[in-house]
Trainee: 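The following block contains the structure, expressed as structure tokens.
Each ligand, and each atom within it, is numbered from 1 in the order the structure gives.
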Amino acid sequence: MRVLIVGGGITGLAAAHRLRERLGEDAEIVVAERSDRLGGKIHTVDFAGRPVEAGAESLLAARPEAIDLAKAVGLGDALVHPSGLKPALSLDGRLRDFPTGTMMGIPADPADVAAVADVKEGHGSDRPILAPGADMSVGELVRSRLGSEVLDRLVAPMLSGVYAGDVDRLSVTAVMPQLASALRRHSRLTDAVAEVKRPASGKPVFATVDGGLGRLVKATSAEARADVRIGMTVRELRQTPYGWEVVAGPVPDPMKVTADAVILAVPASPAARLLRGVEPEAAAALSGVAYASVALAAFAFDHIDLPERSGFLAPASAGRAVKAATFFSQKWPHLGTRRAILRVSMGRIGDEALLQSDDATLAKTALRELGEHLGQRIPEPVAQRVDRWGGALPQYAPGHPERIRAAREKLREHRGIAIAGAAVDGVGIAACIASGRAAADEIAAQLATESD
Ligand SMILES: Cc1cc2nc3c(=O)[nH]c(=O)nc-3n(C[C@H](O)[C@H](O)[C@H](O)COP(=O)(O)OP(=O)(O)OC[C@H]3O[C@@H](n4cnc5c(N)ncnc54)[C@H](O)[C@@H]3O)c2cc1C
């Protein structure tokens, strides 16, 4: 029995790991990865003598999947947590406390955010905000119920950190599924937030792996005992009377690989391309997912005075590129204090021109704006690097979960094919792991009924 997983990011690797658990040692699990390394958006690099993340930085520990996977692949003892310092909000030329008690910046009590935003509570009808099956953009929801300052100053910077997106084009149902389900019961947004906001449990919300998230990638791949084919681009996919066949490898030297089942764990556009000839409706649902680009500039300093914060978020303002900064070495105490490491994030959807600047220009812009946000002269860094993540963050438009549900229903008619990953089920690493595992479970169940 052979299962082919297309895409060696965390989704594909979590799927491979789960398939090994479900199918046992005899199954052949092949992971085809186009680039020259596993991990996709997870990429730990050596920077200024320390393992630093050039891509994704933290695991959500408030949900179980990422932590469980880390433990299952032998990294339980390597899990570490942030310092507990809070991020600030850069507003009106100074750093302010980010209000506590909000859900992605949306308050359960307007008084909680009154110090930083003028709340304009709008009351709709007494009917629940979302009708069954309905969806709306985060922008429309927050602007109409709490006013534009809550949206622009709090919610947009929070979401921009995760999606680099346009709040008027992001689906509430996709990006805040628990809130969306409460919105089907409540006519006031604040009541819905109050229902779903978890009381502070005292447990850390985030975690990472000492030595970098690259270790999670490596350990998951090792434990999956998969046949990993690095540098293998899958370009065509077709169903045969016996299962599936893909065409992979360079155009002048194509190679055919057959499999009993295939899991597509790639971004939306390659997934859509591969599915076009198999299931055009599923391909169309995927090709409608837009992507935003971001760039990260990392700096190391021998001496720099930083506020006692984990970093800051900055609302969009004309001409400014920096949307967030992480005081990496303050946020992650396991890195030690020998050198201060900062990571600056730039780029929101529509800002693509900025990201076309060369590395030196991007780094210079990041340092200049960092000084403006912190209100201080920034010393010369001892090391710097720029990482670009072009078209890396999916934008779930209103109706996304329903379109993906329908696409999956169509794909089930074919048997032995599943889609998973950030393109469909959520950008966070924990969500991607859950998605990869669910795809593996579905494929394992189908293969089991076939062999019966
Ligand atoms: C800058 C940045 C910071 C982030 N920070 C965080 C964070 O701190 N915490 C968090 O939880 N999430 C974070 N995320 C999001 C998270 O990292 C990603 O959503 C997640 O890692 C995506 O995993 P994936 O496996 O679904 O996709 P990817 O990581 O995109 O992996 C897909 C893989 O498929 C390969 N591929 C594509 N086409 C083909 C093909 N035709 N044939 C073979 N292989 C192919 C690609 O090369 C890639 O390796 C961040 C994302 C970015 C960009």
Side-chain angles (χ1 to χ4, degrees), residues 4-16 30-44 53-63 65-67 82 160-164 205-208 212-214 216-217 220-221 228-237 246-250 257 262-275 289 291-298 311 323-324 326 328 331-332 343-347 355 386-394 396 419-436 439:
L4 172 69
I5 297 169
V6 186
I10 195 65
T11 304
L13 296 174
V30 179
V31 176
E33 167 52 48
R34 181 182 62 178
S35 74
D36 59 359
R37 60 170 184 86
L38 289 176
K41 309 301 183 305
I42 300 179
H43 186 32
T44 308
E53 304 299 348
E57 172 200 343
S58 51
L59 306 173
L60 186 60
R63 54 184 282 180
E65 298 87 349
I67 300 301
S160 184
V162 184
Y163 298 95
V205 177
F206 294 103
T208 193
L213 291 175
L216 179 64
V217 169
T220 306
S221 157
V228 173
R229 315 254 183 108
I230 290 293
M232 181 171 166
T233 305
V234 174
R235 291 186 285 104
E236 288 171 37
L237 169 71
V246 303
V247 176
V257 180
V262 174
I263 294 177
L264 298 181
V266 291
S269 88
R273 222 174 300 130
L274 291 170
L275 286 173
V289 180
Y291 275 76
S293 302
V294 288
L296 297 175
K323 57 184 185 140
T326 307
F328 211 74
K331 177 173 175 184
W332 298 106
R343 230 174 60 140
V344 177
S345 166
M346 291 168 280
L355 302 186
V386 171
D387 292 282
R388 289 152 203 277
W389 294 96
L393 291 167
Y396 310 123
I419 50 175
V424 286
D425 291 325
V427 291
I429 293 169
C432 290
I433 292 169
S435 173

Trainee: Determine whether a donor-acceptor pair (N or O, by modelled atom type, separation under 3.5 Å) exists between the side chain of Arg229 and the backbone of Val30.
Mentor: no
Trainee: Can you list the residues that meet the salt bridge (Lys or Arg N to Asp or Glu O under 4.0 Å) rule with Arg63, with sequence neighbours excluded?
Mentor: Glu65
Trainee: Residues two or more places apart in sequence or in another chain: which of them pass salt bridge (Lys or Arg N to Asp or Glu O under 4.0 Å) with Arg273?
Mentor: none
Trainee: How would you list, by chain and number, every residue that makes a salt bridge (Lys or Arg N to Asp or Glu O under 4.0 Å) with Lys323, sequence neighbours excluded?
Mentor: none
Trainee: One line per pair, note the atom names and distance for all nitrogen or oxygen contacts under 3.5 Å between ligand 1 and the protein.
Mentor:
unit_1	atom_1	unit_2	atom_2	d
ligand 1	8 (O)	Glu57	N	2.9
ligand 1	8 (O)	Ser58	N	3.0
ligand 1	9 (N)	Ser58	O	2.7
ligand 1	11 (O)	Ser58	O	3.4
ligand 1	11 (O)	Ile429	N	2.7
ligand 1	19 (O)	Val427	O	2.5
ligand 1	25 (O)	Ile10	N	3.2
ligand 1	25 (O)	Thr11	N	3.0
ligand 1	25 (O)	Thr11	OG1	3.1
ligand 1	26 (O)	Thr11	OG1	2.7
ligand 1	26 (O)	Ala422	N	3.1
ligand 1	29 (O)	Lys41	N	2.9
ligand 1	30 (O)	Lys41	NZ	2.4
ligand 1	41 (N)	Val234	O	3.0
ligand 1	42 (N)	Val234	N	3.0
ligand 1	44 (N)	Arg34	N	3.0
ligand 1	47 (O)	Glu33	OE2	2.6
ligand 1	49 (O)	Glu33	OE1	2.6
ligand 1	49 (O)	Glu33	OE2	3.1

Trainee: Closer than 3.5 angstrom, by distance alone: can the side chain of Glu53 be matched with the main-chain N or O of Leu213 as a donor-acceptor pair?
Mentor: yes
Trainee: Is there a donor-acceptor contact under 3.5 Å from the side chain of Arg34 to the main chain of Val234?
Mentor: no
